[in-house]
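These notes are about the structure you will find just below.
In what follows, every chain begins at residue 1, and chains take the letters A, B, ... in the order their sequences are listed.
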Amino acid sequence: MSRIGVFICHCGENISRTVDVERVALEVGKLPGVSFSTDYKYMCSDPGQNLLKKAIQDQKLTHVVVAACSPRMHEVTFRKATEAAGLNPFLCEMANIREHCSWVHENREEATIKAIDIVGMMVERVKKNRVLPTITVPVTKRSLVIGGGIAGIQAALDIADCGHEVILVEREPSLGGHMAQLSETFPTLDCSQCIMTPKMVDVANHPKIKLYTYSEIELVEGYIGNFQVTIKKRARSVDEDKCTGCGVCMTKCPQKKIPNKFDQNIGMRTAIYVPFPQAVPNTPVIDRENCTWYKTGKCGVCQKVCGPGAVDFEQEDQLIVEAVGAIVVATGFDLYTIDEKPKGSPIKGYGEFGHGKIPDVIDGMTFERLASASGPTGGKILRPSDGKEPKQIVFIQCIGSRAREKGISYCSKVCCMYTAKHTMLYHHKVHDGQAYVFFMDARTPGKSYDEFWRRSIEEEEAVYIRGMVSRLYQKGDKIVVMGSDIAVGVQVEIEADMVVLATAIQPQKGADALAQKLGISYDKYNFYSEAHAKLRPVECATAGIYLAGACQGPKDIPETVSQASAAAAKVMTLFSKDKLEREPIVARVKESACVGCFACKKVCAYGAVEVKEIRDRQGNLIKTVAYVNPGVCSGCGTCQATCPSKCVELDGYTDEQIVAMIEAL
Amino acid sequence: MHPEKQTHAFEPKIIAFVCTWCTYAGADLAGTSRMQYPSNVRVLKFPCTGRIDPVFILKAFQQGADGVLVSGCHPGDCHYIAGNFHARRRFAVFRKLLEFIGVDLNRLQFSWVSAAEGGKWVEVVTDLTERVRAMGPMTEFKELAMEEQWSGAINTPELQEAYNSI
Ligand SMILES: Cc1cc2nc3c(=O)[nH]c(=O)nc-3n(C[C@H](O)[C@H](O)[C@H](O)COP(=O)(O)OP(=O)(O)OC[C@H]3O[C@@H](n4cnc5c(N)ncnc54)[C@H](O)[C@@H]3O)c2cc1C
Ligand code: SF4
Ligand code: SF4
């Protein structure tokens, strides 16, 4: 038999003004199972809590109902007090007679009757409450960082500096991401390589960081604190332990005319290559598609010239399994490529700008490579078609961005700033040249950003034209740009030598496939979704997985670095304890009744439902049933309402508890 | 909002099934904002609308509810990613079934009330209460229960318990 204690709070006068608390205590006291019932001025105060604790002990209470404010306010308070008095905290429930009663009704009689009902309902519920143990799961204090751009590098360094091991996985042969491609960076114009390469080297030398480049994530299993990750390390054809990075192989390789992706395909590389001279690691990779040896079985020059004998044509892809407790996703962005259909759009891209057809129409990243001192032109602004210096250059912003009809309605955020930067770099390098910019708006929020943008107009003489370009075409060796200046209301026509398009920032290709492996959600553009746009901007809804950088949405470097450090801090918070404690509101399966239809597995958004095999003593399979992993379950209960054989139960919200409440009414 | 202080011949019993994160919090907000609404509603809290089994709605009508409200987060705002979508799908089918067995669907209201929509909670609850008040008591299930009782089929505590747990 239960001995329930009911405590009715006056909340000063907040409740007692409209609810006759003494009558509630009296009426509820008559309910079967209630052995103690009282009212008190402030239940949440110290004396109030002591009253509760004392009653639990003196009256040998088995369950507690506190009728007061919303459980969202004080459930934790009263459950703690209950626990302190020696009862399981989940044997305490709150009845909300303030927000849901005294504050929203004026009629004292009606409010009192409603309060009696509410408390009575909770009394019936609490009778069915069970002792729930706190769930603890162990935490593996190693983390995985996916993506070796500035976001991944920053997160990896921060976590490793706290003494925890980091596995960093990068798809390309070198660390660096897009930032390594940049020439100089806004808003300070410091050289990107100069601030980036030391960090790349720090990663390579860090005793706590294990770096896998030219590698990808194959499979992710497990849950917060306990992930098992399978990494596919693609064959480099060069033994990383033997290679000294001398680079002789690259000087001898006969295949010299392969467009280098790192240089946006305007520079060339060999078949055995590092993407750029400062690459980390500086071990080359053989691009098997373009290598003569792989194509014809002859050549092998690199192998012959390699002193330490590092070239290994037989090397194969390797699968490596790592155990980690947390994952930081930092896979960055890709640039919108013209003429490709954006996701969800029936319309093809911006064919009207001639990108890909007119050689001197390039994108912003290509301009970065032209302006970079270590780029294919040695930092000279030369047009790709004939190597001449462009004297008239047109920049067009918002290519793809903010164009709902083309399938991208968001703003790419960095283009206004990098275009301003480009006009400056151009003016510094081509003193007698003239830069024009077509723009819709100049969006320059950020520290020192607007000043930077103004400088491009006021000091660097860029001409900004508010309006869009309708068409451009090749005329002799010029590109005719036709557009409108909506500020003045006139048509503009410029004969340019080169055109630079600020193309939209999009998620990495294959971002959705990776999200599915990780079990994280993404928006309609494939940017990864944070758990809460304002209050949990670096966590995924899937516990133990965090976001950093442009994979979550367009970002500049300062923002990327801040988010990466924040993600690292979240990982450190997780690693600060040996075991994770969590609320035991999780689903459980009654295996004897489960028929193995796995309807529950289909509706669980967290992938918490696993397949479990039941075997007899001889090891013969009897049946397969559902098993809910308590480490993964978030406690929504969708599975329970779905189960046709009523054999999953959400602790804390069992059918018994809910039906008891309905019946009390 | 100050509803007219008047006595009605019939006070409907309204049961609301709501999720913790959005609608329960929205109802809390109505409270902290001291908005006023009819006191007929009794709120049952669930982690997510995804947890709400249609059987509970039947049970509520059986227990004498005259109107039932189910309310959760707006589509896309589910705290548990997609629980409300599963709920929506489930209830779309369930409504058809209720209609088939002859329950007036005006007694059953589904709505989305976010944690910020105290005003909407007041509106939804007030509308449903007044609508059901105008419809009069829900008798179908009670009559059914009476019929069965009269037939003498449910006359032992065991049978009663079995009946209750349908
Ligand atoms: C033309 C241009 C100019 C810019 N100029 C500036 C500037 O001057 N100042 C400024 O602050 N910002 C600038 N930016 C923005 C800046 O480039 C970004 O803020 C920054 O690069 C974002 O870093 P990230 O690490 O998030 O992404 P990324 O740099 O894209 O790095 C992501 C990394 O993850 C890897 N990766 C992707 N998918 C996988 C996978 N599945 N598995 C493993 N690895 C994967 C990629 O290979 C890459 O190395 C500019 C951007 C552009 C386009
Ligand atoms: S829905 Fe029920 S019966 Fe089906 S697999 Fe899940 S637990 Fe088992
Ligand atoms: S309660 Fe929700 S999170 Fe837990 S197993 Fe069921 S569906 Fe998945």
Side-chain angles (χ1 to χ4, degrees), chain A residues 14 18 69-73 94 96 98-107 109-115 117-118 120-121 125 520-521 523 529 531-532 541-542 585 587 602-606 634-643 646 650 652-653 655-659 661-665, chain B residues 2-3 5 11 13 15-17 19-21 24-25 27-57 59-65 78-87 89-90 115 118 121-122 125 164-165:
Chain A
N14 278 303
T18 27
C69 51
S70 169
R72 296 171 66 247
M73 187 89 196
M94 283 191 76
N96 184 347
R98 193 178 74 174
E99 282 84 344
H100 287 194
C101 189
S102 72
W103 275 351
V104 288
H105 309 308
E106 282 173 336
N107 184 309
E109 177 63 18
E110 282 177 13
T112 305
I113 289 174
K114 182 173 179 181
D117 272 1
I118 296 176
M121 197 162 81
R125 181 191 212 279
I520 61 176
S521 43
D523 66 15
S529 308
H532 189 283
T542 309
I585 307 297
K602 283 186 210 117
V603 296
C604 179
Y606 298 90
S634 297
C636 65
T638 303
C639 51
Q640 179 168 8
T642 306
C643 177
K646 294 277 156 277
L650 182 65
Y653 292 91
D655 283 354
E656 232 192 346
Q657 286 168 306
I658 289 153
V659 169
M661 286 169 81
I662 300 173
E663 283 182 346
L665 291 172
Chain B
H2 290 274
K5 290 258 159 41
E11 285 301 338
K13 197 181 208 186
I15 299 189
F17 297 116
C19 80
T20 303
W21 302 97
Y24 194 91
D28 275 0
L29 178 62
T32 38
S33 321
R34 311 294 202 274
M35 294 170 177
Q36 299 291 310
Y37 56 85
S39 69
N40 306 55
V41 65
R42 304 289 180 268
V43 175
L44 268 75
K45 178 165 76 83
F46 291 81
C48 175
T49 43
R51 168 68 187 93
I52 302 170
D53 194 322
V55 169
F56 300 150
I57 297 172
K59 188 83 204 169
F61 280 129
Q62 233 177 1
Q63 282 306 122
C78 178
H79 181 84
Y80 300 101
I81 306 172
N84 58 356
F85 283 115
H86 292 297
R89 217 180 292 168
R90 194 183 298 144
W121 167 253
V122 170
V125 170
N164 287 345
S165 64

Practice item. Measure across Lys114(A) and His100(A) and return the closest heavy-atom pair with its distance rounded to 0.1 Å. Key: NZ-O, 2.9 Å
**Study point:** Toward chain A, the part of Thr49(B) with a non-hydrogen atom under 4.5 Å
**Key:** neither
Check your understanding: Between Leu665(A), Asn14(A), Val659(A), which has the largest tally of heavy atom pairs under 4.5 Å with chain B?
Key -> Leu665(A)
Review point. Quick one: what part of Asp655(A) sits under 4.5 Å from any heavy atom of chain B, side chain, backbone, both or neither?
Key: both
Check your understanding: Where does Ala25(B) contact chain A at under 4.5 Å (heavy atoms): side chain, backbone, both or neither?
Key -> both
Check your understanding: For Glu109(A), which residues count as a salt bridge (Lys or Arg N to Asp or Glu O under 4.0 Å) partner, sequence neighbours excluded?
Key -> Arg23(A)
Practice item. Indicate yes or no: at least one non-hydrogen side-chain atom of Leu650(A) is less than 4.5 angstrom from one of Arg51(B). Key: yes
Practice item. Kindly compute the distance separating SG (Cys639(A)) from NE2 (His86(B)), expressed to the nearest 0.5 Å. Key: 10.5 Å
Point to revise | Arg34(B), part contacting chain A, at a heavy-atom distance under 4.5 Å | key: both
Check your understanding: Any Lys/Arg nitrogen of Asp53(B) or Arg90(B) sitting under 4.0 Å from an Asp/Glu carboxylate oxygen of the other?
Key -> no
**Study point:** Atom group of Ile15(B) that falls short of 4.5 Å from chain A, counting heavy atoms
**Key:** side chain
Review point. Under a 4.5 Å heavy-atom cut-off, does chain A meet the side chain of Lys45(B), its backbone, both or neither?
Key: both
**Study point:** Best-contacting candidate, Asn96(A), Asp117(A), Ile658(A), Ile118(A), against chain B by heavy atom pairs under 4.5 angstrom
**Key:** Ile658(A)
Point to revise | Met73(A) versus chain B, the contacting section by heavy-atom distance below 4.5 Å | key: neither
**Study point:** Sequence-distant partners of Arg72(A), salt bridge (Lys or Arg N to Asp or Glu O under 4.0 Å), two or more places apart
**Key:** Asp28(B)
Exercise for review: Give a yes-or-no answer on whether the side chains of Glu110(A) and Asn40(B) include a donor-acceptor pair shorter than 3.5 Å.
Suggested key: no
Point to revise | Part of Phe85(B) within contact of chain A (heavy atom distance under 4.5 Å) | key: neither
